[in-house]
Structure formats: C-alpha cells, structure tokens
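Quick notes on the structure that follows.
In the text below, chain A, chain B and the rest are named by the order of the sequence lines, each starting its count at 1.
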Amino acid sequence: MRRQNPQEKNPFREDLTMQHANVLRAMPIHTVKCASDLDTSVPQHLQRISISDLKLTSDCVQRSVKGEVVQKGPVVSSRQREHMLKAAIQDKDTSINVIFFGTLAKDFSQTVRQGDIVLLSGFTISKSPTEQTDRLHPCLLEMRCIDACVHVYSSFVSAGPAVVSSESRYTYVPLSELKPSRIVNVYGVVTFFKQPFPTKGTDYCSTLKITDQSDAKVSCTIFSERLDDHPKIFRIGDIIRLHRVKTQVFNGSMTLLTTLGWSTVTFDGMTDSPIEPRSSSRTFHFGESDKRAVEALRQWAARQIPATEPTVPLSSVQTKMFFDLTCQLLAKASIDTRCILLKVWDGTKCPHPMLNVAVAPDALEGEAKTSLARENMIANVLVYDNHVEGASKLKPGMFLRLFNLHAVAQRASEESADCVSPLSFHLHGGTSYGKGLCVIPSESPELQPLKRLLESHAAIASEDIVNDVTLLEAWYTPPETLGEELNKDFYTVRTCEHTVQQVTLAHVKRCTTPVVCHVRAKVKSYQPQNLYQCLKLFCPQCTALVEVPNDEVIARVFQDALRGHQPCSEHWAVTSSMDSISMHVSCEMVLSNTHTQLLFLQGVTLEEMCVISAAQSNVVPVRSEDGRMRLLDFSAPFLFRGDKRYYGCKQCSRSTFVEPEVCGVEIWDEHNVAKALGVQLMQYALLMKFELEDETDSLEALIWEDAERFFHVSAADTSACQDSQDKVQTTVDRLHPPGSSMAQCPWLDLCLCTYTVEENGKIQVCYQITNTETRGNFYTPQRDQLSCG
DNA sequence: GCTTAGGTTTAG
C-alpha cells in the first residue's frame, strides 16, 4: 500500500526496521511440514499445557499450548499503540483468545490461516475481558515478549468424526455433537429460514434452522451488515455450509452464531440438480469432499423430508391461505412509504378473480399486460413495511420468491360470498413465518420450468400486438370455457364489428373526432345517482330530450281537463256516458270490429284513468273544448296502454285534434295510435353518464343510444316495470359497487364513439358508449349467495 | 463500536 504513494515520507523505513528486527531476534513463526513435527521439532524444554488447564495463576515460562486457529482477526494498528491481532485457538472442548503484538501480529497475519494448527510458547496469561460476551476461556494469551514463538502446521488433516476428505482443511461436526462455546464448521439442510432483516444494531440478521443426518435441529443466527454475505437460501431443503460459527446454548438448546471470520455457502437441495455453490465470496474453498457432503445430505433429506410442493402456483391459491409464490415481476409501483405494489405472474391462472390495483401510469415501473389480467394471471402483491426496502430494489423481469404471502379476499363482509370477491396478495410487515422476499437468479435450475411456461404465454401475448384482429378478439373476449367463477362475475363485451385495437383513455382524448375506439376502463362514478332520473323522453323528430313528468304534474293536467267539463260530440265517434265519465269509440273501428282496441276517455282523474286503462289495450284521455274533442296538454301522457304511458312531443305534434285515421289498422299500438292522432310519439330513453377511468386517464362518457342493449332492458319497460328498474339498479351496482374502491370495480371492455356538439357557440367533445353489453351475474347479492353455495 | 436475535402471521 505504501509503495503506491511515493510522496509519503520514509516509504520503506518500517519494512526495513521489521526485517532488521527479524534478523536480530529468533524467527518468531516457524512453519513445520508435518503435524507430528509440532511435537518433535519444537524445543524440548517447552512443556505442553492443555488450554482447559490454563489458569491466571499458571506458570507460563517454558510452557506451550497447541490448538487449531478457529478465529483470526485483522491486524489492528493505530498511532498510539503497536500492531495487534486477535485470534482464537481451540483444543478439544475449549477455545481461548490470543493477542499477537507488534511484528508478530503482522507475521501471524501473513503466515497463519484459519484451520491451521499452532503451537504457542513465550506467552503471558491475563484475564480475558470478553469472557462474558464470547464465553470463551476466562484467560487470554498475550504474545508480545521477545520469547513469543509460534510453530504452525498448515496442512491439517482431521481425525474427527466428520465429513472430510484428504484434501479438506475443514472438519464438519455433526449437529448432534456440538458442544457449547466451540467454533465449528457444519453442514445442514435448511428446515426454516428468514430472509435477512435489519437488527437494532448495525447488521442484518438471518435466522435459520438446520438439520443433518444426526437428526439434531439447530437454530443459526447470522449477522452481517452486508446483505450479500448472508446465505442465499431460496427454499426449505436447501443445503448450507457454515464455517467458523460459534456454538452457544440458548434456552437450553444448542445454537450457532456467526463469529469473526465466518463464511457460508448454500446449495440447492434437490437431488440430481447440479451442485452449484451460492456464495458472494469468490475465494471460498469448495472441493470434491464438499460435493460428496452436499450429495449425501440431499439423499438423506429426500428420504427424511416428505416431498412437499415447494411453492404454490396461482392456480392453486385459495382465499385466506398463506403461501410461497415463485414468480416473475412484471411491474411495480410505490403506493406510499410503507407499501409497494408488485404485479407478478407465474404463468398459471388463478381460479379466483384477482384484484387489480389501479395506479397512476407514471407511477408504474414496468408493464403489466392487460390481457394477462383479464385471464386472472396477474397477481397484485401489496408489500408492506420492512419488506418495502427490498422490494423497491427489484426490477421488472426479475424472478422472485415471495414468502408467506397472504391471499386476502377484498370484500370481507358477511353478505358477499368469497367466490366473487377478488383476491389480493399481501406480504404483511414483520418477519414471522419467514415473511419476506428474495430474488432468484434467472439461470437457477429450479426456475427453468417456470421460465418455459412464461415464454409460451409471452409468445401468445406478443401475437396480439401483430394486429391480428381475430386473435385479438379471441384473446380479449372471455371465452365460455374460462373459469366459471369469472363467468358468474360481471363483465362487458363489445358487439360491434369494428376492427380497431384497444387503446387507452389518454389515447382516446388525443383522437380527433369523430372516431370509434375500443377501451378498457372502470366506472369511477355515475350520474344520475337516483336511477329514476335516468329515464328520459326523446323526440326522434326534433331530438328534444325531456324529463318524464311525475304523477303530480300529470294529475294536475287531468284536473285542469275536468274543470271545464262539457259533453263533446264528434261525427266519427260513438259516445256513451256514465255519471261524468264519457267514453268515445270510433264508428269505423266498430264496423271493423277493432273498437275495443282504442278508447277515448273523458272526465276522469289520473287515478280513474289508471284503473280503467289497466284493463284496456289503448286509452286516450281527452277533454272537451267548445263541444269539440281535444287531447290533454302534452305534459300528460296522450296514451295509456296497460301499465305504460306514452307521451307526445309538444313541438312536433299537431296542435289540433282531427278525426283519427283508423283505416287499415288491425292491431293498435302506441305507434299507430300516435300516427292516427297526429301525435309525434316520444321515445323512452335511458341516459346515464359514466366517469370512466383507466391507468392513463379518465373521461365522462354517456350511455343512451345503446343503453337498452347495455342494460338488457327496454327503456319503456323501466318506466313501468319494477323488475326492469331493479335490473338497471343491479347493473349499476355491479359497475360500481356501492361504497367500493376503484380496485373493486370490474374492468369493462367498451366501444366508445367520440363526437362534437355545439352548445352556445362552443364546440364540445362528447363520448358515448355504444355497441357494448353487460354480461355475467345480474342477481342481487342475496340471490348470489344462494347460487354460490 | 463489538450489538444485533433467539422462527410462530397483518389486521393495510
């Protein structure tokens, strides 16, 4: 390092001093070629003492200790103090801290590796200041005086009971044979794990539980401030190797804890899959013996742990369940600081309708194909709290495993059955039950079936961009064979023949009028809120659109007609009277025997009219004026047909009453009655305004010309028939469930016409929903429950 | 500066 900085003073001075010192002293570190040399080639005057026998009061002159280097820290230097290096050596059951000072610290750092066997002499004994925390030996060895000497053998061969081979420098202790306060190397099969989570300290913590052929189960706690250093565990059954972890008894159970210099490597646990070590370190040791150890654990685990479904595909998800999901990220969007939305898929179709969380288009990173959402293939995952940090680093296209996802039905009320409630997926805050998420490398063998499935779907999805209209229709129109749950639910279909591609609302707004567009949107709000107000009267002649008069207004017209009540006589009619009520029928119709079909009624109130007309086919209320027959004011219906009422246009109807033209009419209905009377019949129409919204924009669209097809009712029926009114109400409730969020509203495929109208000299762009029909379940929620069972 | 957590469900 110093050589890289020629400006610095005395660049070589320290090195020269070191070399000089080494020459003057006895070499402090001796390497031996054979383990037995540690016992034979060291000075004979040194007497061996076992670590466990060391005491503060022990005489350490002419004594030596031998042990494996189980910890080796870095050389610590400061201006005030000489160089230091802390290590720990272990002999049988006991580990003791050793501190090397000065040049010895540097030499030890360069010459000795963890796992080496050392023989130390010339040490002094002091009290260990870290006994309470590291639970190692109460004493500490200090290697500082001029006599301090290290003999090292660095090609250790284990005689232990473990998974070793001749080339291995490591001994692996069976989990059942772990002793307290030892630094050990272990292999194990993961039976539980949590993704790393931040601690209250400086590190992230991974907690896991492992087992091995000895059948002992041991919890492990791994601390590291670098996320990348944590074990890359993707699922239960993975195999983990831990080096230099410390045993510790907690709550009566053996646990493993990372210590200085720990390391880890993990492997897929599936038998027959390639043994690829997963590690952030490029320098980990991995040889044939490790392959054998992994394979042995795989074989053992395959027999021990019953084959369990590793993760649950969307096609198997049930409401309320907690499950692990392996998937690909399509898009993500931040909801707020404590919540992030992930749109994911795994190539399977969920049997339940899936909640689509709508977010502003500019907030969405990545693209979620709407065609997939339509097929229940996109899961909307809401990631909360402590998981937001990790989720925000994800990029669309990544493969993920989400642990302990919660499938939540959106509507939890008693009234709505689960079968129609859209599912959302929550990764709740906290780490219990392993809640968390991880990225799985794309090349991971276990991902290959998933990737093949996604690719096959992606191929289909890309074809619809080829503008093949037939395929487009097939893709966007829910086929009858689709999941029954979806068919029970509510959706719309376009009935037009337009060969146009689906566009966004933002696109529609940019189009020049007039144009026909296909869109996919939700109903954010609607007007009028009182549905009786959506029924209008429309004159096809002058295009006047007026409200349907209420009974109060109509009754007044009848009262006005009664006021100047006088008999009237018309040459074309025969009249019969009873009290103040007169009935007129056409003479010509009497002759053609159709007179029962059309009755003119004079001198009745609205109530009486309703009673009488209920049993008649066509009744026209009339009044007399100067002895002549007149129709009532057009504020009242000019015709009552059963329970239906028909109105004439004030503008377009003949103002004077003339002899009805009855010739040639055999069956009388509202049209030929109107024609015979010179009345311009007004049509009933349903008119509503929907506020439509998609990911890109919102706009207000009218539905009226095709409203009857949309609602599957006749507007005239809704004027009189309760069932038809209920049907409109139910449909509107399905479009926008009362009190619901946008997320709960169904996506609608709509055909939209744009046009301009001029009003008060201003040109305004209007949108109208045409050629669209609602489909699905129109029953009320109460009935719905029955049908869902 | 040398701890942190120590499996066991949010409540959106």
message: Classify A:Asn251 by what it touches in the nucleic acid, base, sugar-phosphate, or nothing, heavy-atom distance under 4.0 Å.
response: nothing

query: According to the 5.5 Å centroid and 30° plane-angle thresholds, does A:Phe223 stack upon the nucleobase of B:dT4?
result: yes

task: For A:Leu257, answer base if it contacts any base atom (sugar-phosphate contacts may also be present), sugar-phosphate if it contacts only those atoms, and nothing otherwise; contact means non-hydrogen atoms under 4.0 Å.
output: base

query: Looking across every strand, which nucleic acid part, if any, lies under 4.0 Å from A:Phe193 by heavy atom: base, sugar-phosphate, or nothing?
result: nothing

task: Compute the centroid of each ring, for A:Tyr172 and then for A:His243, and state whether the two points are separated by less than 6.0 Å.
output: yes

- request: Mind calculating the distance between CG (A:Leu405) and C1' (B:dG12) to the nearest angstrom?
  value: 14 Å

message: Rounded to whole Å, please give me the gap between NZ in A:Lys246 and C1' in B:dT4.
response: 13 Å

- request: Measure from the side-chain heavy atoms of A:Asp385 and tell me the nearest of B:dG12, B:dG7, B:dT4.
  value: B:dG12

field: Validation row: A:Leu178, A:Val186 side chains within 4.5 angstrom (heavy atoms)
entry: yes

task: Side chain of A:His406 only, please: which of B:dG7, B:dT4, B:dT10 is the nearest?
output: B:dT10

query: Considering only heavy atoms and no angle criterion, is a donor-acceptor pair shorter than 3.5 Å present between the side chain of A:Thr202 and the base of B:dT3?
result: yes

Out of B:dG7, B:dG12, B:dA5, whichever nucleotide has its closest atom nearest the side chain of A:Cys205: B:dA5

- prompt: Between A:Lys194 and B:dA5, is there a side-chain N or O to OP1/OP2 distance below 4.0 Å?
  reply: no

- prompt: Between B:dG12, B:dA5, B:dT3, which nucleotide has the shortest distance from any of its atoms to the side chain of A:Tyr384?
  reply: B:dG12

task: Taking only the side-chain heavy atoms of A:Lys435 (C-beta and beyond), determine which of B:dG7, B:dT8, B:dT10 contains the nearest atom.
output: B:dT10

task: May I have the distance from A:Trp262 (atom CH2) to B:dT4 (atom P), rounded to whole angstrom?
output: 18 Å

query: Are the charged groups of A:Arg235 and A:Asp324 less than 4.0 angstrom apart, N to O?
result: no

field: Parallel, tilted or perpendicular: ring planes of A:Phe193 versus A:Phe403, cut at 30 and 60 degrees
entry: perpendicular

task: Starting from the C-alpha separation in whole Å, work towards a yes-or-no answer on side chain to side chain contact (heavy atoms under 4.5 Å, CB included) for A:Thr94 and A:Leu54.
output: CA-CA 10 Å; A:Thr94 317; A:Leu54 283 168; over 6 Å; no

field: Nearest to side-chain heavy atoms of A:Phe192, which nucleotide of B:dG7, B:dG6, B:dT9
entry: B:dG7

- prompt: If you pin A:Phe250 and A:Gly201 to their nearest nucleotides in DNA chain B, which one's is more 5'?
  reply: A:Gly201

task: Could you tell me the separation between the CZ atom of A:Phe403 and the P atom of B:dT8, rounded to a whole number of Å?
output: 16 Å

message: Suppose you measure atom P in B:dG6 against the same atom in B:dT10; what distance do you get, rounded to whole Å?
response: 14 Å

- prompt: What is the distance from CD of A:Gln195 to P of B:dG7, rounded to the nearest Å?
  reply: 18 Å

query: Side chain of A:Tyr433: nearest nucleotide among B:dA11, B:dA5, B:dT8?
result: B:dT8

task: May I ask you to say what A:Gly430 touches in the nucleic acid, namely base, sugar-phosphate or nothing, with a heavy-atom cut-off under 4.0 Å?
output: nothing

task: Consider only side-chain N and O atoms of A:Asp229 and A:Ser280, and report whether a donor and an acceptor are under 3.5 Å apart.
output: yes

message: If you only use heavy atoms from C-beta on, which nucleotide in B:dT9, B:dT4, B:dA5 is closest to the side chain of A:Phe322?
response: B:dT9

query: Rounded to whole angstroms, how far apart are CZ on A:Phe197 and P on B:dA5?
result: 7 Å

- prompt: Looking at the side chain of A:His428, which of B:dT4, B:dG7, B:dG12 is the nearest nucleotide?
  reply: B:dG12

Value in whole Å for how far the C1' atom of B:dG1 lies from NZ of A:Lys200: 19 Å

statement: Atom NE2 of A:His230 and atom C1' of B:dA5 are separated, to the nearest Å, by 12 Å

